[in-house]
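A quick write-up on the structure given underneath.
Numbered from 1 within each chain, the chains take letters A, B, ... in sequence-line order. Predicted model only: the values in this text are computed from it and were never measured.
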Number of protein chains: 2
Amino acid sequence: MATLKQVAAHAEVSVQTVSNALNAPHRLRPDTLERVNKSIELLNYRPNRNARSLRTSAVELIGYCVPNWPNQTHLVMDQFLHALCAAAERTGRHILLFTAPPGVDGMPTYDDLHARRLVDGFVLSQTETHDPRHAWLKEQGIPFVSFGRVWKETTQPGPWVDVDGAAGSAMAVRHLYETGRRRIAFIGWPKSSGLAEDRYGGWRDECKKLGLQTTGLSIRCREDSLDEGARATAALLDAGRELDGIVALSDILALGALRELTRRGITAGREIGLTGFDDSPLADVVSPGLTSLRQPMDDIAGELIEILTGAPDGTPTERLLQPELVIRGSSAPG
Amino acid sequence: MATLKQVAAHAEVSVQTVSNALNAPHRLRPDTLERVNKSIELLNYRPNRNARSLRTSAVELIGYCVPNWPNQTHLVMDQFLHALCAAAERTGRHILLFTAPPGVDGMPTYDDLHARRLVDGFVLSQTETHDPRHAWLKEQGIPFVSFGRVWKETTQPGPWVDVDGAAGSAMAVRHLYETGRRRIAFIGWPKSSGLAEDRYGGWRDECKKLGLQTTGLSIRCREDSLDEGARATAALLDAGRELDGIVALSDILALGALRELTRRGITAGREIGLTGFDDSPLADVVSPGLTSLRQPMDDIAGELIEILTGAPDGTPTERLLQPELVIRGSSAPG
DNA sequence: CTGAAAGCGCTTACAG
DNA sequence: CTGAAAGCGCTTACAG
């Protein structure tokens, strides 16, 4: 492995000049620059990142805690990670993966990684309604950005990027309305989830705006599972609500709904229009395909990295992105 | 942030002694050690990893290229990543994520990450039959270990860990046999895939061993999709093979089979026993649940890290692990 | 525009 | 068992 010193010797300049050729080429006379670059190429020189980091005390590494929630499979994690990685690389950075216990128990791990200079900061995801991590990091002065808002707070404890769940639900309602549905139900989660309330509110408000009924048409599941989605659907149907549309808070719940509909001989996309959330791989795997709201992963990742790595001052550090409705057979015109 | 020097001053010893307290505590007299440790704790000292790495020229980071194959969702990637991360951490290491173009076009990225000392070596996965990466890395002398064998080679180009696909298929056949099935079909991929031939061979050999018919009972799909799995199932049924069992090469194909069976009013786990491969989240999501062969992720990850980070000399660098049959409703006794 | 020097925070032979 | 010194490979003021 060639070093700066060797390149300098080869190009007959000082190490400082080689360093400048790499980091501030405009400071060199064109002919010097060219000579140095030739030596760099000839010796196949690559700057040692550790030496650089030691000097500048920036490692250009961003920590991300790989989630491990056995009961909640992260169906779009691979998409998110790829987008995050690509966005980081566009700024010369990379993602360092680590594991940590959930909640506040994991914070020493975050602290340690930062203190030992393994990372410059963190991207948080899987943000929970009472997530304690944000306030903790803020207090320690450790840089971070959150994918997802901390709902219990009136003011957010730090910079965040999120997808507009209310707008997503509203888009789903409007779409079902436009395909002829007039009695559109909502299958959600408990009130304690801020994310769930956001999406629920979007459904309710859009229904009202369109003059559609909402009372008796929403139901809260205890957990995000197929069985709960099926149970909720059964309950709605058994109550004689005469639905013709269902907006489900997640693809998993939507799939549960789909199963129950199929069991009763009801075809999604004919008698009932159905939509999910997240556009997970599951959505494309069922038949009919599930209409779902896609999170714009590339944009999300780009904003996260931009905020974390210190965009030009004055850049807003709170960004709400719009989901995109991906239309498939489950919401075909009735 | 406290430094070694500050800790040394506080404990009234030399920096060397503090370093030893951390890296070779047995060299210190117990009372000195205790005094140093007290200072370390008091000053909340954390060794700077960059400085250490610069000196030792080991970064304790392992590169992993996050796959992005739009047409082949990596359904168990989150499990794999979590296991890999945890295994790395057990040795004080971490995973650095990066993106690279597929095949040989991506190799300069690997080379660069290694040359600039961002990583010590790589874990490869998504190994393809004609994967050029292994030989390339070997030639460059860049450390790596592969999850999955390179099938075209007679001798493997480097250390690997893999799951015994033939044994997996055999387990599936035996299980279906034990639940009363006697005409067990195989739905696979093209011959060009080594992985597919491995699993196919396991089905064929186990059937022969049990005295079961195989001719006319295997079919190759063009790609790993629901539709292909459904098509293959339809073809087998239409040919009047009177199947009572299906071993599918993947969960995706199995789900396709399940769809076709359901469409024809055939219940998996009653008239026909069905198994998949990989125990992806999908397996648990359908109804009936899909019996599938789980890859032992924690073991795989542990072996990968052990091999890559230089286990004691003489440790074998080729390890074939056994999958585990996870039994669900799709193979209930007929 | 170019160069000599200091220093980032560690570890590692080597002496004592 | 403990310490003084060199050095890992860079970058960054500072002089010239």
Does a side-chain N or O from [X] land closer than 4.0 Å to OP1 or OP2 of [N], or not?
| X | N | answer |
| --- | --- | --- |
| A/T32 | C/dT2 | yes |
| B/T56 | C/dT11 | no |
| A/S19 | D/dT11 | yes |

query = Any salt bridge between B/R93 and B/D120, counting N to O under 4.0 Å?
reply =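 Result for this pair is no, no salt bridge flagged.
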key: Presence of salt bridge, A/D278 and A/R294, under 4.0 angstrom   =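 No salt bridge links A/R294 with A/D278.
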request  = Could you tell me which non-hydrogen atom of B/S146 sits nearest to which non-hydrogen atom of B/T127, and how far apart they are?
outcome  =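 That would be OG-OG1, 3.0 Å.
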Looking only at side-chain atoms of [X], point me to the closest of [options].
| X | options | result |
| --- | --- | --- |
| B/S14 | C/dC1, C/dT11, D/dA4 | D/dA4 |
| B/L54 | C/dC10, D/dG9, D/dT11 | D/dG9 |
| B/R29 | C/dC10, D/dT2, C/dG3 | D/dT2 |
| B/R55 | C/dG3, D/dC10, C/dC10 | C/dC10 |

Have a look at [X] and say if it touches a base, only the backbone sugar-phosphate, or nothing, with a 4.0 Å heavy-atom cut-off.
| X | answer |
| --- | --- |
| A/N50 | nothing |
| B/S53 | nothing |
| B/N20 | nothing |
| B/L28 | sugar-phosphate |

Between [atom2] of [N] and [atom1] of [X], the distance in whole Å:
| X | N | atom1 | atom2 | answer |
| --- | --- | --- | --- | --- |
| B/R117 | D/dG9 | CZ | C1' | 12 Å |
| A/E60 | D/dC10 | CD | P | 15 Å |
| A/I40 | D/dC10 | CD1 | C1' | 13 Å |
| B/R49 | C/dC10 | CZ | C1' | 13 Å |
| B/K5 | D/dG3 | NZ | P | 16 Å |
| A/R27 | C/dG3 | CZ | C1' | 13 Å |
| A/L4 | C/dA5 | CG | C1' | 15 Å |
| A/N23 | D/dT12 | CG | P | 7 Å |

key: Ring centre gap for A/F122 and A/Y64 strictly below 6.0 Å   =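 They do not qualify: ring centres at least 6.0 Å apart.
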query = Under a cut-off of 3.5 Å for both distances of each Watson-Crick or G-U pair, what dot-bracket string does DNA chain D give, using [ ] for crossing pairs and | for inter-strand pairs?
reply = |||.||||||||.|||
ask   = Take atom CD in B/Q140; do more than 12 heavy atoms of anything else shown fall under 6.0 Å from it?
value =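 Counting neighbours around CD of B/Q140, more than 12 heavy atoms of other residues, nucleotides or ligands fall under 6.0 Å, so yes.
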request  = Might you work through the side-chain contact (heavy atoms from CB on, under 4.5 Å) test for B/Y110 and B/L124, ending with a clear yes or no?
outcome  = CA-CA 11 Å; B/Y110 287 76; B/L124 306 182; 3.6 Å; yes
task = Name the residue closer to the 5' end of DNA chain C, choosing between B/Q16 and B/N48 according to the nucleotide with the nearest heavy atom.
result =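 Its nearest nucleotide being more 5', the pick is B/N48.
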request  = Tell me which of A/A51 and B/P30 sits closer to the 5' end of DNA chain D, going by the nucleotide each one is nearest to.
outcome  =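 That would be B/P30.
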message = If you assign each of A/V18 and B/V13 to its closest nucleotide in DNA chain D, which residue comes earlier from the 5' end?
response =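 Result of the comparison: B/V13.
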query = Considering residues at least two apart in sequence or located in another chain, which fulfil the ring pair (Phe, Tyr, Trp, His ring centres under 6.0 Å) criterion with B/H134?
reply =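 B/H134: ring pair (Phe, Tyr, Trp, His ring centres under 6.0 Å) contacts with B/F144.
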query = Using a distance-only test with no angle check, is there a side-chain donor-acceptor pair under 3.5 angstrom linking B/R35 and B/N37?
reply =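 Looking only at side-chain atoms, B/N37 and B/R35 do not form any donor-acceptor pair under 3.5 Å.
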